[in-house]
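For the numbers below, each heavy atom of this structure counts, side chains included, while hydrogens, waters and symmetry mates do not. Atoms within each ligand, like the ligands themselves, are counted from 1 in listed order.
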Amino acid sequence: MDLVEKVKSAGVVGAGGAGFPTHVKLAAQAEYFIVNAAECEPLIETDKYLCRAYAERIVSATEAVALHLGASRAVIALKAKYEDEIGALKAAAAKAGEAIEICAMPSFYPAGDEQTMVQFVTGRSVPERGLPLNVGAVVDNVGTMLGIADALEDLPVTDKFLSVTGEVKAPVMLRVPIGTSVVDCIANAELTTDGYAVVVGGPMMGKLLADDGEIEAAVVGKTTGNILVLSKEHYLVKRGAVPFERIRHQSRSACIQCRMCTDMCPRYLIGHEIRPHLVMRNLWRENSIASDEEYIRCFGDALNCCDCGVCEMFACPMGLSPRRVNVYFKQRLREKGLDKERNMAPRARPSLKYRRVPTERLIARLGMLKYYGAHVHGAHIEFVPAKVYIPFSQHIGRPALSKVKEGDAVTRGSLIAEAQGAVSANVHASVSGTVEKSDARGALIRVAGGGDGE
Ligand code: SF4
Ligand code: SF4
């Protein structure tokens, strides 16, 4: 099997949050291969941990992928302040004799946004709604590289590293089987609050779960890199509960058209046509717009939004929500079957380097300074629960097709759902045990021997 086949067989998907099947991305030739180790979301520790603990595996996989892509430049990009991680990666590259460049980035959000990173490393702006490959680059997250390193040894994706932080006594780095419940992960870090909400991912782009039932049902998937526990009284939780109609009214009454949301938008800064202040200006008259052309002119910019949240969590002095308004219009444009012409050759705006959001100031703005720096560097904890629920759709594309039924005995690493079609990914048993329930959406497996959670 060649590299792409091995990666496909192992079920590797983008570990940084997107979940795009990696074998599809790697079926290409590119000038640059960039490993994204910037970990730009505040409070997440996972990518840094992987760089320190598995530098040699990351370097060897980087070299293998760069060779496969025919890339003349293999770059690992991370923040200059990650000195230990840079030291570990440089030492691993020197030991292996590999010509891998380390690109040290300033500490800003969203340094790890794929298009922001490509612009920083190559000086080229990715076309609107385009791919890094359009400008000769392929980008993979550092966690994905570890998955590729395993795949090259015929080991499928079964486990996930993730940090647990926030309202907990002891923030931890965990390694758990895919399908471990979020509640089990939090228990390992010792909860310090009663009623709580959870952000799966980082505070800017993660998925907020405020409902107890949702939290109970949530499990670790291939893209889960962090669990942030928050009090239900936290600003972020309360903000997430604001209904859209109230946002619509607020926009009409309180938007002062200062255009800070536009001037600080990372996609605007790399040259894309996105001006959230204009979307906000026109929101109130949405229902009076009759022609499709005018609808696109007023709201089509929303299609270029990457949901980074800079506009609403940092830029807007009035506490308004341009991101949620953009999410709304993306959906409306889809429903109406409307699209906006793409700028295929954007050019970064001259103000780009002066408008980056410093990570520390962002953390303060989010009201999360008390969690910052609480994570102590050390070894990870291995935890195996009594049961796992493994979804068959942990990736972009078609869900994998189940190959198991109730009562089946499975072993860790065995294929339990097979990729369907061009964009999909295999799913493997993350533990050895017995299938208790299975349907088209996933399988519940009881762990042989009871696990650590029994
Ligand atoms: S969320 Fe806001 S800042 Fe981010 S890309 Fe969208 S409009 Fe721009
Ligand atoms: S930053 Fe806020 S107040 Fe200013 S234009 Fe944007 S939405 Fe309106």
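The ring pair (Phe, Tyr, Trp, His ring centres under 6.0 Å) test applied to Y372 returns no partner, not counting sequence neighbours. The ring pair (Phe, Tyr, Trp, His ring centres under 6.0 Å) test applied to H380 returns Y49, F161, not counting sequence neighbours.
Of the protein's heavy atoms, N326 ND2, 3.3 Å lies nearest to atom 7 (S) of ligand 1. Ranking the protein heavy atoms by distance from atom 2 (Fe) of ligand 1 puts C311 SG, 2.3 Å first. Scanning all protein heavy atoms for the shortest distance to atom 8 (Fe) of ligand 1 gives C265 SG, 2.3 Å. Among protein heavy atoms, atom 5 (S) of ligand 1 sits closest to C306 N, 3.5 Å. Atom 4 (Fe) of ligand 1 has as its closest protein heavy atom C308 SG, 2.3 Å. Residue, atom and distance of the protein heavy atom nearest to atom 1 (S) of ligand 1 are G309 N, 3.2 Å. What sits closest to atom 6 (Fe) of ligand 1 on the protein, heavy atoms only, is C305 SG, 2.3 Å.
Residues L209 and V199 fail the side-chain proximity criterion, which asks for heavy atoms closer than 4.5 Å. In this structure, the side chains of V310 and P266 come closer than 4.5 Å at one or more pairs of heavy atoms. Taking 4.5 Å as the limit, every side-chain heavy atom of Y54 sits out of range of all side-chain heavy atoms of M145. Here the side chains of L89 and L78 are in contact, with some heavy-atom distance below 4.5 Å. A heavy-atom distance below 4.5 Å is not found between the side chains of C298 and F329.
Every atom of ligand 1 is numbered from 1 in the order shown, and the set under 4.0 Å from a heavy atom of P266 is 3 (S). For ligand 1, the atoms sitting less than 4.0 Å from at least one non-hydrogen atom of I274 are 7 (S), numbered in the order shown with element in parentheses. Counting atoms of ligand 1 from 1 in the listed order, those under 4.0 Å from a heavy atom of P276 are 7 (S).
Here the protein contributes C258 SG as N, O or S atoms under 2.8 Å from atom 4 (Fe) of ligand 2.
Because its NZ or CZ atom is both nearer than 6.0 Å to the ring centre of F314 and within 45° of the ring axis, R365 counts as a cation-pi partner of that residue.
By the 6.0 Å contact criterion, CD on E83 is open, its count of non-hydrogen atoms from other residues, nucleotides or ligands being 12 or less.
Residue pairs satisfying the side-chain hydrogen bond (donor to acceptor under 3.5 Å, both in side chains) criterion with at least one member in residues 193-207, sequence neighbours excluded, are absent.
With R342 contributing its side chain and R129 its backbone, the two residues share a donor-acceptor pair below 3.5 Å.
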